[in-house]
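Please read the structure below before turning to the comments.
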There are 2 protein chains.
Amino acid sequence: MGYVTSHGRVIPNPIVDDGDEQAFCSTCAFGSVCTARGVDKIALRELHCLVEHVGNYRPGEAIFRTGERFGAIYAVRQGTVKTRLVDIEGRELVLGFYLPGELVGLNAIHPEAYPCDAVALDTVEVCRFSFPALATLSTRVPGIQQELFRRLSKDIGNAALLAGDYSADERLAAFLIGLGRRYAERGFPAEALHLAMSRGDIANYLRLAAETVSRVLRRFQDQGLIRVDGRDVAIARPAELFELARPILQR
Amino acid sequence: MGYVTSHGRVIPNPIVDDGDEQAFCSTCAFGSVCTARGVDKIALRELHCLVEHVGNYRPGEAIFRTGERFGAIYAVRQGTVKTRLVDIEGRELVLGFYLPGELVGLNAIHPEAYPCDAVALDTVEVCRFSFPALATLSTRVPGIQQELFRRLSKDIGNAALLAGDYSADERLAAFLIGLGRRYAERGFPAEALHLAMSRGDIANYLRLAAETVSRVLRRFQDQGLIRVDGRDVAIARPAELFELARPILQR
DNA sequence: CGCCTGCGCTGATCCACATCAATGCATGCG
DNA sequence: CGCATGCATTGATGTGGATCAGCGCAGGCG
């Protein structure tokens, strides 16, 4: 089984352990495939061969850019990635944030070109999966195909969530709860968040003004729901915050 | 090649021809797969076996409902389908509209249950594809797998489009242009639209009030961009309408 | 026929959030 | 150091579209 590292103490920036031949990256997007019963060792080794570690993007550096020919999807290993569009007038539209273990680039399969930029928010490392190779492999390993289908399907649902006409309070609450859940999925504490992105990025992503994000966070803190210290946010009353986010999250 | 029907005259409600063993439904979601070089006849026959025609849903009837166990995706053959959520207080949230040839239910793969209702807006016929069977088949027919990946990926992009904070004018313009394009993709005229959905549904989908939809359509007509006759909309100046929609459509 | 119901349109009012503007506070750098 | 830059916060003002209310019109039905 290889060695297992404890994650609990790492808070600000979760780091994915490297794993080994057997366990692969333990928090990787394909972790569930690799550790699943029935996936033969050879397929797992092929997935290993196929993957390519790419490392040390600095804040602001692009993993891929709008319009580049689509060739691979990326799993975040360390750090946080944002995807965004920049329109002709230079205005930015933030599409999403990706934490360690999550897959970036799935929306590029159809147009066969990346429809957005993927930009590192802090120090970022990723795993690169050549998509043609991955698709070929997944015809032989149903578990991988299934995982890809699930990831794609999940992203459709997530994208639709944000589209509703929700209030600023609902959006912020859902954003924080959602981020916490995603950390928790990978084994990190759900109530001590570090926001790798600026207020402006959050606002842009939630379709609010940066000032509104400031004010709502402030009010949440005054109400005792959260504690804010710069980019560190502690969720003090998860249940009440969830109650605010319910219109978006729970259906 | 079988016989080819001319579509040009059909305006209000495009009807997909049945096709035959060779051509399958000519406007079907999997048309490109079936007609592609290299797809062997046996695979095509298997796809035929797998599909199940389900017909004559009346307006308001559900093809599937929120929470039902996911078992199949559906291709619209005739009519228009809307997907929607209904929250606890009975408020509706329209997620999308599906025209003949489009696939409904892709967002259900991940949760393994339908995350929304699919409701017929007029007389609707669909093709039912058992998803487990389709996934199995697609391990043997790369073209089908590829097509599924593409469709899923496309839906991610589409869902993200609506999420921006656009004006009512931009939204309506993009909605009309988008609808026209989708008709055109299936061989129907792009400038003579019949809206199967009510103003309320459009407004809900675009996150506007029904009154706003009325007013904007009225103004578009006054400006000579479109001609509105109840649920029939003719796009008089496609280029200018596109110009309005550019912030959403063109990137 | 008269009545009801659903849908679409229009005008008046209101409000959540954007926008504008100013300030504080880090960090970096010549 | 002195200055510039970027990010976050707070207050004052403006506005796009929601909400509320009323009306017209068509279709269905007893």
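This one's a predicted model, so the numbers in the text were calculated from it and none came from an experiment. Proteins come first, then strands; the chains are lettered A, B, ... in the order of their sequence lines, and each starts at number 1.
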Q. Can you name the closest pair of heavy atoms from A:Arg207 and A:Asn204 and give their distance?
A. NH1-O, 2.9 Å
Considering only [options], which nucleotide approaches the side chain of [X] most closely?
| X | options | result |
| --- | --- | --- |
| B:Glu211 | D:dG17, C:dA21, C:dG11 | C:dG11 |
| B:Ala168 | C:dC17, D:dA8, D:dG17 | D:dG17 |
| B:Ser198 | C:dA18, C:dG8, D:dC7 | C:dG8 |
| B:Arg199 | C:dG8, D:dT9, D:dA18 | C:dG8 |

Rounded interatomic separation in angstrom, taking [atom1] from [X] and [atom2] from [N]:
| X | N | atom1 | atom2 | value |
| --- | --- | --- | --- | --- |
| A:Gln221 | D:dA8 | CD | P | 15 Å |
| B:Leu121 | C:dC7 | CG | C1' | 15 Å |
| A:Asp229 | C:dA26 | CG | C1' | 13 Å |
| A:Asp165 | C:dC17 | CG | P | 10 Å |
| B:Asn204 | C:dG8 | CG | P | 13 Å |
| B:Asp222 | C:dC9 | CG | C1' | 13 Å |
| B:Tyr166 | D:dG17 | OH | P | 14 Å |
| A:Ile202 | C:dC17 | CD1 | C1' | 18 Å |

Q. Okay, side chain of A:Arg171, backbone of A:Leu206: is any donor-acceptor separation there less than 3.5 Å?
A. yes
Q) Counting only N and O atoms by type, is there a donor-acceptor contact under 3.5 Å from the side chain of B:Asn107 to the main-chain atoms of B:Pro115? A) no
(Q) B:Asp155 vs B:Arg151, test: salt bridge (Lys or Arg N to Asp or Glu O under 4.0 Å). Steps then yes/no. (A) CA-CA 6 Å; B:Asp155 276 13; B:Arg151 293 276 172 163; over 6 Å; no
Output yes when at least one side-chain N/O atom of [X] is less than 4.0 Å from OP1 or OP2 of [N], else no.
| X | N | value |
| --- | --- | --- |
| A:Thr212 | C:dA18 | yes |
| B:Arg171 | D:dG17 | no |
| A:Arg231 | D:dC7 | no |
| B:Arg218 | C:dC9 | no |

Q.
Using only modelled atom types and a 3.5 angstrom limit, is any donor from either the side chain of B:Arg215 or the base of C:dG8 paired with an acceptor on the other?
A. no
Q: Name the nucleic acid region contacted by A:Gly200, choosing base, sugar-phosphate or nothing; use a 4.0 angstrom heavy-atom cut-off, strictly under.
A: sugar-phosphate
**Q.** Touch class at under 4.0 angstrom, heavy-atom based, for A:Ala209 against every strand present
**A.** base
Q: Verify whether one side chain among A:Thr66 and A:Asp117 offers a donor that lies under 3.5 Å from an acceptor in the other.
A: yes
Q. Taking for each residue the nucleotide of DNA chain D with the nearest heavy atom, is it B:Ala210 or A:Leu217 whose nucleotide lies nearer the 5' end?
A. A:Leu217
